[in-house]
Structures are given as structure tokens and as C-alpha cells.
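Report on one structure; see the data block that follows.
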Amino acid sequence: MTPAESRALPAPHPEAAAGPDEMVSYRTPVGLFAATAPTEAPAEPETPTDPDAPSEPAPPADPHAPAEDVAVADGAEVVPARAWWRRWTRRRQHLAVGGLFLLAALWVTSRIWLDPSGRVASLYTGDPAQVQFFLAHSVRVVLHGEYPFYTEQFNYPDGVNLMANTAVLALGIPMVPVTLLFGPAVSFVVLVTLGLAGTAMAWYLMLSRHLVRTPLAAAVGGWFCGFSPAMLSHASWHPNIISQFLLPFIVWRVLVLTRSRRPIRDGALLALLVTVQAFINEEILLFTAMACGVFLLAVLAQEPARWSAAWRPLGIGVVTCALLAGALLAYPLYVQFAGPMAYHGLSDAVKDYGNDIAAYFAPGSPTLGGNQRANINLAPNYSEENAFFGWSLSMLAIGIVVWLRRELIVRALAVTGLFFAVLSLGERVSWWDRELVSGPWQLLVHLPLLDAVVPTRFGLITSVVIGLLLALAVERAWALRPADRRTVRTLTAAGLAFALLPIAPMPLRMVSRPPVPDFITADRWRAYVGPDQTLVPIPVPSMGNTHGMRWAAATNLDFKIPGGYFLAPRNGNTGDAGRFGGRPSGVGQMLEEVATTGRTPKLDDRQRRRFADELRHWRAAILVLPLRQQNAEPLRRTVEDLVGPGRQELDVWVWDVRALTDRSV
């Protein structure tokens with residue numbers, strides 16, 4: 001939108017009023033971009049006219065003028081008419097767009113809603129179980145005042161550093177009523193649904209208020225930011241990653257700081273947003289900070305003169321934000337980096353995850369044109385498809401940059417998107433799974449904080465950049481004044497459909513999972529397990545087997561379990577590099593192998609003594625094997641060979657080992 005067009009706008013709606021310190025106007029860019037849209041030739045001054053001179057006849061109406069411009073009635077005065085959409089109030093428009101986003105999110109999650117407790121994302125079942133465990137932990141924090149940043153309810157007795165494991169406290173605590181009433185499985189699908197719809201709505205509100213004036217442009221940008229292939233990829237497993245509804249407001253407050261007259265106040269507001277986001281997902285917060293930095297540097301590199309007006313309020317605001325957010329997060333961050341079971345750096349299994357270049361030109365698996373088989377080896381796994389825009393959208397994004405290259409904001413967005421797209425390729429740049437060269441990420445991977453980043457997720461920043469470019473392109477196309485405006489708008493809509501239809505969201509793929517045993521839900525376990533003892537699921541919970549974590553979550557963590565799926569320092573030594581799972585368990589690995597293969601091993605007295613030692617270390621009260629567990633019979637024979645016969649109770653086999661593990665005995 002040009003400055004001339006901005007002056008021609010009607011008075012802003014009261015809901016969109018901005019303070020004078022923010023230097024923004026309704027539906028115009030904020031901060032550095034208060035006047036960066038392409039300029040047009042100034043309108044010629046009006047020539048004074050003689051009031052007594054005869055008026056010139058009005059020009060004939062354009063037969064091609066759209067219906068929204070004029071309305072003509074026989075014998076009536078020609079009056080402007082407005083499209084039905086424009087006759088709606090701003091609030092009604094927002095509600096309509098929000099309803100559309102919510103329906104889309106329900107469509108995406110529809111297969112989970114059919115049976116939240118009995119269905120889970122195909123391929124990888126560990127992450128949903130882990131999130132449900134964390135949601136149950138939030139219940140204990142609220143109802144029992146339990147310590148929020150560390151727990152011994154799994155991986156007993158070593159425990160788990162929750163600050164280092166994204167315990168989603170900022171999501172789990174508000175969801176406590178839902179978790180109590182309906183269980184953590186329902187809370188999980190609610191979070192996924194609201195994460196997708198809420199992120200799209202947040203970007204729509206920010207765009208419609210501060211960047212574009214056309215509601216369709218804001219809706220298109222918000223849609224892509226909330227339902228991009230990368231967001232759909234994470235939706236089945238990572239509600240903490242797709243819950244990005246605070247990010248638009250963080251970006252907005254950063255831009256406001258560049259021209260703020262009250263930088264201390266604005267820095268404090270930014271600090272509050274940063275603090276809440278830190279308890280949703282710190283990695284996404286780091287990405288947002290990096291993206292804002294690269295974007296602002298791209299702007300200042302092109303127009304250094306802007307720095308003279310921006311540096312002082314930006315510096316004061318950033319320092320204020322750092323001090324206040326640092327004070328609020330000082331203790332949680334201390335626990336994360338120096339507390340019990342803290343680790344430094346990610347597991348080798350994930351820190352070199354990177355996108356294949358070809359991934360940017362293929363549609364994502366959970367989209368209309370996607371195909372899991374076609375995407376093999378283009379991403380680390382199906383939960384990390386952080387690119388996958390498809391050929392049509394990739395070409396459209398490049399075309400938008402070329403078309404609007406005269407605009408500073410477009411050039412800065414292009415630099416930001418390309419920068420993080422390159423970083424997302426990881427340490428080794430590949431094309432269709434063939435390594436080409438070493439990537440620039442190899443130079444950054446060992447830096448503090450960055451050593452805990454999954455590089456493929458930098459593609460999430462590129463997704464947001466493309467969403468903003470789409471919004472700007474629709475806005476500029478809608479503002480064109482050709483002879484046949486309807487044709488231009490029709491072509492714009494067709495171009496969007498051509499680019500976005502192949503990556504339209506589809507319902508997430510789900511598979512059935514074993515129910516929580518009746519022995520657990522009927523509280524029969526309480527007759528055996530004391531407050532300082534554990535219930536040991538068979539096989540022992542691990543990264544590949546998280547059913548025991550769901551059992552504990554279903555009881556709001558009323559009993560402890562050994563093992564589980566989490567990040568911890570190697571061998572349980574605080575400060576070591578991270579790995580998935582706690583201390584290695586020889587017996588746990590053996591039982592997992594039996595569950596996978598169905599082969600019963602031959603055991604000797606040494607292995608039996610070792611198993612007894614591990615049970616004492618875990619302070620085990622009972623071992624529990626569901627009757628419907630895969631390869632349940634070989635597992636039953638193996639456990640009986642280790643500790644003696646068990647007995648069937650409801651739908652499980654139970655071994656009471658308290659006499660074996662009681663240290664007083």
C-alpha cells in the first residue's frame with residue numbers, strides 16, 4: 001500500500017487503534033515499514049473551479065465495472081454499493097475467518113477425534129505419549145503443587161529434567177480442566193486443533209492490522225502460516241511446535257520497538273510474550289529471534305539511513321526485554337542447563353537432521369498431492385517434513401519476489417527465507433539423497449544454544465516467509481487498477497489455487513493403539529504399589545515402547561515407572577551430551593527384543609541376578625504385562641524364567657516382586 005493510499009483510507013476502526021508511540025496506522029506496516037511500500041507519482045493538485053461555472057456531465061459508467069462499485073436503480077440516484085463481505089463489521093469478518101480456520105483444523109484432526117484414546121499417529125507413537133505424560137504432570141503441578149521443572153514419575157529413580165524436555169507448561173496448565181474431565185488424550189487433540197487454528201488466526205489478525213488492507217490477503221497469509229506442509233507434518237506429534245500463536249505478536253512488538261516512543265514499556269510487553277513462549281517451545285522462540293535479527297539486518301543493509309532513527313528505541317527495548325525476561329526465566333533456565341539430569345547438546349541421532357533440496361519442490365505427505373513413498377529420504381522422517389512446498393508454490397514464491405522486487409520489505413523477506421532455507425539443509429547438502437557439498441550449518445552446529453537445534457526445522461521460518469509473501473502478493477494484485485479488474489482478480493485466485501491446491505491439508509493418518517489396561521483404569525494396581533515404589537510395564541518403557549507412559553498419564557501420574565521416552569545426559573551423568581532415554585538397561589533391552597522378535601532367550605543365573613538388581617534399583621512393586629501385548633506369551637515365559645510365576649488379573653499378567661526388592665529384607 002502506498003503512502004498516498006494510506007492517507008486516502010477512512011478513519012481506522014476503534015478496535016484497530018494504535019498508540020502514537022507505535023507509529024502505525026490501520027492495516028499498514030509497523031516499525032521500520034511505516035512507509036516502505038512502493039511509491040506512486042503524487043496526485044496532481046486539484047484545479048480550483050468556479051462555483052458558477054456549469055458542471056461537466058458525468059462520464060458514462062464503465063460497463064465492465066464490478067458490481068461492488070456502483071448500484072443503479074430505475075429512477076433512483078446512483079449510490080455506491082458494497083460487497084456483502086465489506087458490509088460486515090470487522091468483528092464479524094474476524095469471526096468468519098476464525099470459523100474457517102477452526103473447521104480446517106477439525107478436518108485435519110478428524111481421524112483423531114473419532115477416538116482420541118484409541119488412535120495415534122501412524123509410524124511414530126512416542127511423541128504423543130510423551131506429550132500426554134507432560135499434560136498429566138501439569139495436573140499434578142496445579143492440584144498437588146508438584147515441582148514443575150523436574151519429575152521422578154518416570155525414569156525412576158534418576159528422574160527427568162522437564163525444562164530440558166519441552167514440558168509445555170504454558171499449554172498444559174490452561175488445559176488442566178480438560179485433562180481432569182476427559183483425560184490427557186483428549187487434551188492432546190484439543191491442543192493440536194487449537195494450535196493449527198490459533199496460529200492461522202493470529203497471523204491473520206497481525207497481517208490484517210499491520211501489513212495489508214485486503215481481508216483476503218490477510219486470510220491467505222494466515223492460512224498458509226497455520227496450515228503449511230511443515231505445520232501439518234508436526235501436527236500428529238508436536239503440539240508444542242505448531243502452537244505458534246504468540247509468534248506474530250512477538251514479531252510485531254519487535255518491529256514496534258524500532259520506532260517506539262516508549263521503548264521501556266514496549267520492551268516489557270515483549271518480555272512477557274517471550275517468557276510465555278519459552279514455556280511452550282524454546283526452539284521456536286530461538287528461531288523467531290534469529291529470524292527477526294536476519295530480517296532487520298537485511299533491511300538496514302539496503303537502507304542504512306534507517307538505523308539512525310531505529311537504534312536507540314530498539315536498543316533500549318531489547319535491553320529491557322532481556323533484563324525482565326532474563327529475571328523471569330533465570331531459575332527455570334538454571335534448572336535446564338545446570339540442574340539434575342541436564343544435558344548439553346542434542347543426541348547424535350537428530351543434530352544432523354537436514355532437508356534435501358528436492359524437498360522444497362515436493363508436496364508434503366499429509367497434503368492432497370502428497371505421497372509418503374515419494375518423500376522417502378527427502379526428510380529425516382515424516383514428522384520433520386519442514387519444507388515440501390511443491391513445484392507450483394515454489395515457482396510462485398520466486399515469481400512474487402521478482403514481481404515485487406522494488407519493495408524493501410519483499411527483498412528483506414526473500415533474504416530471510418533463503419537464509420534459513422539454506423541452514424535447514426543441515427551439515428550435508430543433498431539432492432535426491434545424493435550428497436553434494438558440506439552445508440554452512442556445519443560451521444554453526446557447535447555454537448552454544450545452536451547445538452540443541454534440529455536444523456531441518458529452520459524450514460518453518462521459510463514457511464512463514466512464504467505466507468507473508470502470499471499476503472503481500474494478493475494485496476498488490478487487488479490494488480491494481482487495470483481496465484478489467486475482475487480479470488486480474490480471477491487470475492490471482494486461479495494462481496493461488498494452482499499453487500495451494502496440491503498442498504491442501506488432508507486428515508492426519510492414524511492407526512489404532514492398545515487401550516490402557518483395565519487393571520490400570522480400575523485402580524487395581526493401588527493394592528500393590530506404594531508411594532516410593534514403581535510399577536514396571538513389560539516391556540520396560542523406552543523410546544520405541546511408550547505404552548507404559550500412557551498408563552501413568554491416564555492416572556495423572558499416581559504411580560512411578562522406570563525408563564521412558566525423553567532426553568537425558570548419557571549414562572545419567574549431568575552435563576553430558578543428550579541421548580534418548582536414561583541409563584542403559586540390559587534387561588530392558590532384552591525384553592524389548594523379545595517383544596519385537598517373539599524369540600525367548602536362554603537365561604542363566606547371572607542374568608537373573610542382574611534383573612533382580614535392576615528391580616531393586618527401580619524399587620519395583622509389580623511387573624505388569626497386558627494380555628494383548630505383542631508377543632505376550634514369549635514375554636510371559638521370559639519374565640517367569642527371571643522372577644517366577646505370575647498370575648492373571650483382569651486383562652494383565654502381574655508379578656508381585658516386593659519380597660525380592662524390599663531392601664529391608
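It should be emphasised that the depicted structure is a prediction, and the values quoted were computed from it without experimental measurement. Hydrogens, waters and symmetry mates are skipped; everything else that's a heavy atom, side chains included, is used.
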Answer yes if the ring centres of [X] and [Y] are under 6.0 angstrom apart, and no otherwise.
X: Trp618; Y: Tyr156; value: no
X: Phe154; Y: Phe566; value: yes
X: Tyr147; Y: Phe149; value: yes
X: Phe287; Y: Phe458; value: yes

Hey, what do you get for [atom1] ([X]) to [atom2] ([Y]), rounding to the nearest 0.5 Å?
X: His344; Y: Thr574; atom1: NE2; atom2: OG1; value: 8.5 Å
X: Thr199; Y: Leu194; atom1: OG1; atom2: CG; value: 10.0 Å
X: Asp604; Y: Arg610; atom1: CG; atom2: CZ; value: 11.0 Å
X: Met543; Y: Arg579; atom1: CE; atom2: CZ; value: 10.5 Å
X: Glu427; Y: Leu423; atom1: CD; atom2: CG; value: 12.0 Å
X: Leu642; Y: Arg637; atom1: CG; atom2: CZ; value: 13.0 Å

Min side-chain heavy-atom separation [X]-[Y] under 4.5 Å:
X: Leu346; Y: Leu567; value: yes
X: Phe611; Y: Leu603; value: no
X: Thr638; Y: Leu591; value: yes
X: Leu535; Y: Trp551; value: yes
X: Glu593; Y: Thr596; value: no
X: Phe559; Y: Pro531; value: no
X: Met510; Y: Ser236; value: yes
X: Val639; Y: Trp655; value: yes

Exercise. Apply the test salt bridge (Lys or Arg N to Asp or Glu O under 4.0 Å) to residues Asp532 and Arg619: give CA-CA distance (whole Å), side-chain angles for both, the deciding distance (0.1 Å), then the verdict.
Key: CA-CA 7 Å; Asp532 294 325; Arg619 297 183 183 179; 5.3 Å; no
[X] side chain to [Y] main-chain N or O, any donor-acceptor pair under 3.5 Å?
X: Asn281; Y: Glu283; answer: yes
X: Asp523; Y: Arg526; answer: no
X: Thr597; Y: Arg599; answer: yes
X: Arg583; Y: Asn571; answer: yes
X: Arg524; Y: Glu649; answer: no
X: Ser187; Y: Pro184; answer: no
X: Asp651; Y: Asp518; answer: yes
X: Arg119; Y: Arg111; answer: yes
X: Ser585; Y: Gly588; answer: yes
X: Asn165; Y: Met163; answer: no

What heavy-atom pair brings [X] and [Y] nearest, and what distance separates the two atoms?
X: Gly582; Y: Asn155; answer: CA-OD1, 4.0 Å
X: Trp431; Y: Leu436; answer: CB-CD1, 3.8 Å
X: Tyr353; Y: Pro455; answer: O-CG, 2.6 Å
X: Gly439; Y: Val429; answer: CA-CG2, 3.7 Å
X: Tyr360; Y: Gly459; answer: OH-CA, 4.0 Å
X: Pro505; Y: Val108; answer: CB-CG2, 3.7 Å

Pairing donors with acceptors under 3.5 angstrom, does anything connect the side chains of [X] and [Y]?
X: Trp113; Y: Thr193; result: yes
X: Arg616; Y: Thr661; result: no
X: Glu384; Y: Ser233; result: no
X: Glu385; Y: Ser365; result: yes
X: Ser424; Y: Thr456; result: no
X: Asn386; Y: His234; result: yes

Exercise. Could you check Asp656 against Arg647 for salt bridge (Lys or Arg N to Asp or Glu O under 4.0 Å), going step by step and ending with a plain yes or no?
Key: CA-CA 9 Å; Asp656 186 345; Arg647 69 172 177 273; 5.3 Å; no
Quiz item: Taking it one step at a time, do Leu180 and Asn556 satisfy side chain to side chain contact (heavy atoms under 4.5 Å, CB included)?
Solution: CA-CA 8 Å; Leu180 281 173; Asn556 290 324; 3.9 Å; yes
Quiz item: Val437 and Arg428: side chain to side chain contact (heavy atoms under 4.5 Å, CB included), yes or no, with the steps?
Solution: CA-CA 6 Å; Val437 295; Arg428 291 172 293 278; over 6 Å; no
Identify every side-chain donor-acceptor pair in residues 130-138 under 3.5 Å, counting partners at least two apart or on other chains, and give the distances.
{"from": "Gln130", "atom 1": "NE2", "to": "Tyr565", "atom 2": "O", "distance (Å)": "3.0"}
{"from": "His137", "atom 1": "NE2", "to": "Pro148", "atom 2": "O", "distance (Å)": "3.1"}
{"from": "Ser138", "atom 1": "OG", "to": "Phe134", "atom 2": "O", "distance (Å)": "3.4"}

Quiz item: Charged N to carboxylate O below 4.0 Å: is that the case for Asp356 and Arg434?
Solution: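 The answer is no: the pair does not qualify as a salt bridge.
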Practice problem: Please determine if Asp605 and Arg608 form a salt bridge, counting it only when a charged side-chain N lies under 4.0 Å from a carboxylate O. | Solution: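 Yes, Asp605 and Arg608 are salt-bridged.
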Please report, to 0.1 Å, the donor-acceptor pairs under 3.5 Å made by any side chain of residues 620-633, with sequence neighbours excluded.
{"from": "Asn631", "atom 1": "ND2", "to": "Ala595", "atom 2": "O", "distance (Å)": "2.8"}
{"from": "Glu633", "atom 1": "OE1", "to": "Arg636", "atom 2": "NE", "distance (Å)": "3.2"}
{"from": "Glu633", "atom 1": "OE2", "to": "Arg636", "atom 2": "NE", "distance (Å)": "3.4"}
{"from": "Glu633", "atom 1": "OE2", "to": "Arg636", "atom 2": "NH2", "distance (Å)": "2.4"}

Quiz item: Counting heavy atoms not belonging to Phe580, are there more than 12 under 6.0 Å from its CZ?
Solution: yes
Exercise. Check the pair Ile561, Gln153 against side chain to side chain contact (heavy atoms under 4.5 Å, CB included), reporting the backbone distance first and the verdict last.
Key: CA-CA 6 Å; Ile561 60 173; Gln153 297 305 116; over 6 Å; no
Quiz item: Stepwise, does the side chain to side chain contact (heavy atoms under 4.5 Å, CB included) test hold for Phe245 with Ile280?
Solution: CA-CA 10 Å; Phe245 38 79; Ile280 297 177; 4.2 Å; yes
Quiz item: Please, which pairs that meet side chain to side chain donor-acceptor pair (under 3.5 Å) have at least one residue in residues 333-343, sequence neighbours excluded?
Solution: Glu282-Gln336
